[in-house]
S.K.: 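Take this structure first; my questions come after.
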2 protein chains.
Amino acid sequence: METRELRYFVAVAEELHFGRAADRLDIAQPPLSRTIAQLEQRLGVALLTRTSRKVSLTEAGAVLLAEGRAILGAIAAAERRTRTVDRPSLVLAAKAGGSGELLAKLLDAYAAEPGAVAVDLLLCEAHTWQPLLDGRADVAILHEPYDSTAGLDVEALHVESQFAILPTSHPLAGAGQLRMADVVDLPELARWPEPDGTYPDGTRVEVHNLTQLFQMIALGRAIAVMPEVVRPGLPEGLVAVPLVDASKVTTVIAWPPHSRSRAVAGLVRVATGVSSPGPG
Amino acid sequence: METRELRYFVAVAEELHFGRAADRLDIAQPPLSRTIAQLEQRLGVALLTRTSRKVSLTEAGAVLLAEGRAILGAIAAAERRTRTVDRPSLVLAAKAGGSGELLAKLLDAYAAEPGAVAVDLLLCEAHTWQPLLDGRADVAILHEPYDSTAGLDVEALHVESQFAILPTSHPLAGAGQLRMADVVDLPELARWPEPDGTYPDGTRVEVHNLTQLFQMIALGRAIAVMPEVVRPGLPEGLVAVPLVDASKVTTVIAWPPHSRSRAVAGLVRVATGVSSPGPG
DNA sequence: GCTATCGATACCGGCCGGGTATCGCTGCCA
DNA sequence: TGGCAGCGATACCCGGCCGGTATCGATAGC
């Protein structure tokens, strides 16, 4: 299976439309059709079912789409890491607005290490693990279970409980503590976009970053479930109520497997040093 | 970067010889030289330094070799999983001779599940994680830290301590307990082959499986450090002495990230049920 | 300094990937 | 119900790339 075939298939599988996929790939539609047909023949399975009105994935196609995205990401990452190996620098991905204190401590401690290299920060609104998979970042601060750590090596840094973030005017804002059952069915619970930019089904409020979210909450249009770290940064008019039965959030430092970078290893070592993962 | 380029580069990087690599790839040497040169030009970095007598890896080349092996494995795995998605079956990789009881319990418990599929066993002499990376297996029983779980999703099943396996005639065989310092420098400590089939430097005994190892130990030619599971299977003439300060060995069940298989999920769920990971 | 070894270069032929033109099918609509 | 528009498949052509053979240039060993 060649990279080109995989790239073509992923495009068609995502668009579910040969014409649009060909457009995206900057080729004409006939060679695309032919390449997909060849791929199917070589694999010996149908990847797509086509009528002249509708294209859809087979089960095999769904598997190849998931694996193919990961492979294309790994290839992009390998290219970037190979290209930049002689310019030692480190790109650290982190969620904008989260873990400020931990991040500051980590960067300070690492900078003081002998042999430390320059650390570039890549602040993400969401899906902080994505840059790790496509090679834009070398290491990331993630939050399980919100962030997916599939296929990554991780080291736990910190465990903390979660809070319901509410406007002070909310009927539940006065409660000393809440349970998940109290909030999961509330219509104001905010939604985050999926990796492909689409939103999960439903009619709930769509937000893209913490600032938007806090504003929506202050306006009474949303509520959210978030870990303790955001608490110090809460604006006027918002309260955080402990959720006694919510799953714990673990802050982890994550890096790609097979990483051969001494800089990454150093940063990870420092990170596990500055923060001990006791339950918070 | 195309799969073909990566396959060619990995061959040359492993052989460190264009002629032998071309042989292995079943092509002539000139197109191979040209393809590698093109790859280097496109990436903008030198991957190999060649004199007319010797080929060696640059640092960038070492990075691409590591990432490239993983990518080629992922591609092979994706192909196999795509091909076999409509024939539900499960290949479980495990170390031959280890974890017999756990394995039997797991297979029995899974077979009793509703919707269980046929489980094929792939018994490995070593490097049990390899079949998971190249797609020959869907799930594996591994032992950290012996087995590498980089890039895999894992769930811990069991933790146990390690023992020094000695012939009864060995001077240390009578000790009630030992420390790592007592054994690490012994010249008889056995070596295991690397994933590429080569052996780490040194002049120690080379063994490929447990039977060979036990025979070598019985003959007084070797000793080994192993987890508790092997203890019931020890032949006459061998003793297991507790190593009080050796790292614990964790038995884990591992599967590839992005796995979409319901069968894998079911097996993992059963596995975590039959064995609770308390310290042993 | 001769020679064997090994990677690079030169050059050629066939195949394959990409292009345009067109066909065949299907759902929509008057 | 027939015309039409949208979409994927097919037919066919062209150029570039991949792989082949022949040969060169450099180097280490004798």
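Naming: A, B, ... by sequence-line order, numbering from 1 per chain.
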S.K.: Would you kindly say whether A/Glu67 and B/Thr82 are connected by a side-chain donor-acceptor distance under 3.5 Å?
M.R.: no

S.K.: Rounded to whole Å, how long is the line connecting atom CD of B/Glu5 with atom C1' of D/dC18?
M.R.: 12 Å

S.K.: Quick one, B/Leu47 and B/Leu57 - any side-chain contact, counting heavy atoms below 4.5 Å?
M.R.: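 In short, these two side chains do not touch, never coming nearer than 4.5 Å.
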
S.K.: In terms of side-chain geometry, is the basic nitrogen of A/Arg42 or B/Glu79 positioned less than 4.0 Å from the acidic oxygen of its partner?
M.R.: no

S.K.: Tell me, do B/Ile71 and B/Thr3 make a side-chain contact under 4.5 Å, heavy atoms counted?
M.R.: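 In short, these two side chains do not touch, never coming nearer than 4.5 Å.
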
S.K.: Apply the side chain to side chain donor-acceptor pair (under 3.5 Å) test between A/Thr35 and each candidate in A/Glu5, A/Glu40, A/Arg4, A/Arg7; give the one that qualifies.
M.R.: A/Arg4

S.K.: Is B/Asp147 close to B/Lys95 at the side-chain level, that is, under 4.5 Å between some pair of heavy atoms?
M.R.: yes

S.K.: Below 4.5 Å, heavy atoms only, C-beta onward: do A/Phe18 and A/Ile36 meet side chain to side chain?
M.R.: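 Side-chain contact under 4.5 Å: yes.
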
S.K.: How about B/Val85 and A/Thr58: do any of their side-chain heavy atoms sit closer than 4.5 Å?
M.R.: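 Sidechains of A/Thr58 and B/Val85: no contact.
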
S.K.: Both A/Ile27 and B/Leu16 contact DNA chain C. Taking the nearest nucleotide for each, which residue is further toward the 5' end?
M.R.: B/Leu16

S.K.: Take the protein atom NE2 of A/His17 and the nucleotide atom P of D/dG6, then report the distance between them rounded to whole Å.
M.R.: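 Distance check: A/His17 NE2 to D/dG6 P gives 10 Å.
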
S.K.: Please encode protein proximity along nucleotides 8-13 of chain C as a string of B, S and -, counting only heavy-atom distances under 4.0 Å.
M.R.: BB-B--

S.K.: What does nucleotides 23-30 of chain C look like as a protein-contact string, B for base, S for sugar-phosphate only, - for none, at under 4.0 angstrom between heavy atoms?
M.R.: --BBS---

